[in-house]
Amino acid sequence: DGGITQSPKYLFRKEGQNVTLSCEQNLNHDAMYWYRQDPGQGLRLIYYSQIVNDFQKGDIAEGYSVSREKKESFPLTVTSAQKNPTAFYLCASSLRQGALSDTQYFGPGTRLTVL
Amino acid sequence: KQEVTQIPAALSVPEGENLVLNCSFTDSAIYNLQWFRQDPGKGLTSLLLIQSSQREQTSGRLNASLDKSSGRSTLYIAASQPGDSATYLCAVKGNNRLAFGKGNQVVVIP
């Protein structure tokens with residue numbers, strides 16, 4: 001089965017801790033993305049990567065970090081510098097970032113709660 | 001900065017009625033527009049993608065139109081079913097990223 005997996009589904013973090021959210025895809029896509037979704041708001045882009053070993057900041061990158069060491073994997077670390085990290089986090093991928101008909105495919109999401 | 005608005009935010013319709021969901025955007029310089037479906041607590045599922053040079057796309061009971069000059073898209077769902085209950089998100093691609101609306105939350109009443 002081709003697709004995007006995210007783990008864990010639910011994650012609880014104490015204040016001051018860093019946590020890492022996993023995102024893996026077996027679609028052979030070049031581009032990967034991380035979004036944050038808050039109640040009553042649209043999705044907001046945190047980071048994106050067009051190719052291995054390269055990534056760019058999105059609209060709300062402060063307090064987050066990413067890596068792209070393998071094509072299949074794009075983990076997101078929520079650091080203690082992120083002041084309001086409780087949210088639903090969605091990972092997505094697409095075949096090529098600049099293509100006109102480039103559809104983004106989404107994972108099932110990780111719900112992060114700060115205790 | 002691209003702003004995407006979806007109206008209404010929430011609506012309920014009886015089963016069998018046609019659904020009409022509206023999306024507007026402020027910058028007409030777009031590459032494409034996508035409609036997604038999201039069930040509660042789940043990820044997004046792509047429904048339709050309309051390239052900037054196209055006027056509409058159809059898939060089964062779904063039809064989406066695009067009027068780039070006026071900054072509008074409409075998603076039509078024919079003969080709605082209870083299984084169509086979900087949140088529908090519009091996203092516009094420009095400048096290497098998608099800009100999302102807040103969604104239309106739809107309830108189809110049996």
Side-chain angles (χ1 to χ4, degrees), chain A residues 3-10 21 23 25 27 29-51 54-61 87-113, chain B residues 1-10 21 23-26 29-57 59 62 64 66 68 73 86-105:
Chain A
I4 303 175
T5 57
Q6 292 185 241
S7 62
K9 186 173 181 180
Y10 299 98
L21 282 60
C23 177
Q25 55 98 0
L27 300 168
H29 285 172
D30 288 325
M32 296 187 74
Y33 313 82
W34 273 106
Y35 294 92
R36 170 180 172 141
Q37 187 176 35
D38 295 279
Q41 294 202 35
L43 275 69
R44 292 181 289 170
L45 182 66
I46 305 172
Y47 269 97
Y48 65 98
S49 168
Q50 300 184 57
I51 197 169
D54 178 70
F55 48 83
Q56 307 294 329
K57 291 182 179 180
D59 298 319
I60 54 165
F88 190 50
Y89 291 86
L90 287 160
C91 177
S93 71
S94 64
L95 187 59
R96 293 182 309 279
Q97 213 266 349
L100 295 180
S101 59
D102 203 21
T103 299
Q104 288 194 15
Y105 296 88
F106 283 77
T110 292
R111 184 164 300 279
L112 172 63
T113 302
Chain B
K1 182 184 173 184
Q2 180 74 268
E3 301 286 340
V4 181
T5 303
Q6 292 187 245
I7 296 173
L21 307 178
C23 171
S24 61
F25 48 94
T26 54
I30 65 170
Y31 290 110
N32 62 49
L33 183 145
Q34 271 188 271
W35 282 94
F36 293 90
R37 169 183 171 139
Q38 185 177 30
D39 293 293
K42 307 289 187 183
L44 278 64
T45 300
S46 180
L47 298 174
L48 291 167
L49 182 147
I50 311 174
Q51 294 186 35
S52 61
S53 59
Q54 297 174 323
R55 298 284 293 184
E56 66 176 353
Q57 280 286 339
S59 175
L62 276 61
L66 173 64
K68 209 171 66 163
S73 176
T87 296
Y88 293 85
L89 294 159
C90 168
V92 173
K93 184 170 184 178
N95 196 26
N96 289 334
R97 60 186 62 190
L98 285 178
F100 284 83
K102 295 180 181 180
N104 304 108
Q105 186 175 6

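Chain identifiers are assigned alphabetically (A, B, ...) following the order of the sequence lines, protein sequences preceding nucleic acid strands; residue numbering begins at 1 within each chain.
- Ion pair Asp59(A)/Lys1(B) not flagged as a salt bridge, since none of the NZ, NE, NH1 or NH2 atoms sits closer than 4.0 Å to an Asp/Glu carboxylate oxygen.
- Taking Asp38(A) as the reference, Arg36(A), Arg44(A) meet the salt bridge (Lys or Arg N to Asp or Glu O under 4.0 Å) condition, with sequence neighbours excluded.
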Indicate every side-chain donor-acceptor pair of residues 98-105 of chain B with a distance under 3.5 Å to a residue at least two apart or in another chain.
| unit_1 | atom_1 | unit_2 | atom_2 | d |
| --- | --- | --- | --- | --- |
| Asn104(B) | OD1 | Gln6(B) | NE2 | 2.7 |
| Asn104(B) | ND2 | Pro8(B) | O | 2.5 |

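- Within the 4.5 angstrom heavy-atom criterion, only side-chain atoms of Tyr35(A), from C-beta onward, approach chain B.
- Across all non-hydrogen atoms, the minimal contact from Gln38(B) to Phe88(A) is NE2-CE2, 3.9 Å.
- Between chain B and the options Gln41(A), Arg111(A), Gln56(A), the largest number of non-hydrogen pairs under 4.5 Å is found for Gln41(A).
- Interface check for chain A: of the options Ala9(B), Ala91(B), Ser53(B), Gly41(B), the most heavy-atom pairs under 4.5 Å are formed by Gly41(B).
- The shortest heavy-atom contact between Arg97(B) and Lys57(A) is NH2-O, 3.7 Å.
- We find the CG-CZ distance between Leu43(A) and Phe36(B) to be 8.5 Å, quoted to the nearest 0.5 Å.
- Between the CG atom of Leu89(B) and the CD atom of Gln37(A) there is a distance of 6.5 Å, given to the nearest 0.5 Å.
- Here the closest non-hydrogen pair linking Thr103(A) and Ser46(B) is CG2-OG, 3.5 Å.
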